[in-house]
Structures are given as structure tokens and as C-alpha cells.
Amino acid sequence: QVQLVESGGGSVQAGGSLRISCTASGGGFSLYNMRWHRQVLGEERELVAWLSPIGVANYADSVKGRFTISSDSAKNTVFLQMNSLKPEDTAIYYCAVNNGGTVYWGQGTQVTVFS
């Protein structure tokens with residue numbers, strides 16, 4: 001059974017940085033299939049960063065240049081480094097992976113950016 005656990009969220013002042021992590025277990029999938037999403041209460045979940053099956057990093061326009069997705073295969077973990085954070089980045093951040101046609105989600109980690 002695939003399990004994803006996010007960590008590293010918290011509260012940070014605008015302009016600050018956070019690095020959140022997603023550690024995977026239980027599946028024979030590639031970390032290059034991992035995605036980061038975020039969701040504000042009452043809004044649709046937004047895709048913000050992802051790794052393609054060939055390891056290419058991609059970003060939503062809203063975070064491009066500020067966020068960096070990376071992975072550590074030895075630790076079975078995908079990271080999202082978030083710099084120059086803005087209040088509009090406030091959301092619950094989720095990691096996800098498509099494994100065998102099923103999308104698995106983590107429980108989410110809250111990121112709050114205050115001015």
C-alpha cells in the first residue's frame with residue numbers, strides 16, 4: 001500500500017522560506033512521478049510543481065522562480081523548497097503520485113504566510 005507523508009509546513013513571514021518534504025513508502029513507483037499540489041479552503045486543488053517520469057521539473061506560473069522541486073531517492077523523499085513566500089502561497093500542500101493508475105495523496109501540510 002502506497003503511503004505519502006508530508007512534513008515541514010509551518011508559519012512564516014512574507015519573504016521567508018520553507019522546505020516541505022514528502023516521504024513515500026509501500027510502492028514500487030518512481031519518485032519522478034511525484035507532484036505537489038496546494039489547496040485553499042473552498043477552492044480547487046492547484047498543481048504547483050511536479051517531476052515527470054524522466055525527471056524534468058515543472059512549475060505553475062504562480063510559483064516559478066521561487067519554488068524548487070527535488071528528490072532524494074536514497075531517502076524516498078521529494079522536497080519542495082519555497083522561497084520568497086507570499087501571503088497568497090498560504091494553503092495546505094499535498095504530495096501525490098500516480099501508481100498503477102491510482103492516484104495516492106498525502107495528508108497535507110499547512111503552510112501559512114503572514115505579512
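Small disclaimer: the values here were computed from a predicted structure and weren't measured. One-based numbering along the sequence shown.
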Considering all heavy atoms of both residues, which atom of [X] and which atom of [Y] are nearest to each other, and what is their separation?
X: Asn83; Y: Ser17; result: OD1-OG, 2.9 Å
X: Ala60; Y: Leu47; result: CB-O, 3.5 Å
X: Leu4; Y: Ala24; result: CD2-CB, 3.5 Å

Validation row: [X], [Y] side chains within 4.5 angstrom (heavy atoms):
X: Asp89; Y: Met82; result: no
X: Val78; Y: Ile69; result: yes
X: Ser71; Y: Leu51; result: yes
X: Met34; Y: Trp50; result: no
X: Ser70; Y: Gln81; result: no

Notebook entry, point to check: Which of these, Glu44, Glu6, Glu46, sits in a salt bridge (Lys or Arg N to Asp or Glu O under 4.0 Å) with Arg38?
Noted result: Glu46

Check: Are Trp36 and Tyr59 connected in a single hydrophobic cluster, I mean Ile/Leu/Val/Met/Phe/Trp/Tyr linked by side-chain heavy atoms less than 4.5 Å apart?
Finding: yes

Margin query: Is there a continuous path of hydrophobic side-chain contacts, each under 4.5 Å between heavy atoms, that joins Val103 to Val48?
Written below: no

How long is the span from the [atom1] atom in [X] to the [atom2] atom in [Y], to the nearest 0.5 Å?
X: Thr68; Y: Leu80; atom1: OG1; atom2: CG; value: 8.0 Å
X: Ser11; Y: Leu18; atom1: OG; atom2: CG; value: 8.5 Å
X: Phe79; Y: Cys95; atom1: CZ; atom2: SG; value: 11.5 Å
X: Asn58; Y: Lys64; atom1: CG; atom2: NZ; value: 8.0 Å
X: Leu85; Y: Ser115; atom1: CG; atom2: OG; value: 13.0 Å
X: Gln13; Y: Phe114; atom1: CD; atom2: CZ; value: 5.0 Å

Margin query: Would the distance check show the side chain of Thr90 and the main-chain N or O of Val113 forming a donor-acceptor pair, the cut-off being under 3.5 Å?
Written below: yes

Next item on the list: Start with the C-alpha distance between Thr77 and Thr23, add both sets of side-chain angles, then the distance that settles side-chain hydrogen bond (donor to acceptor under 3.5 Å, both in side chains), and finish with yes or no.
Entry: CA-CA 4 Å; Thr77 299; Thr23 299; 3.1 Å; yes

Next item on the list: Please work out whether the ring planes of Tyr94 and Trp105 are parallel, tilted or perpendicular, with thresholds of 30° and 60°.
Entry: perpendicular

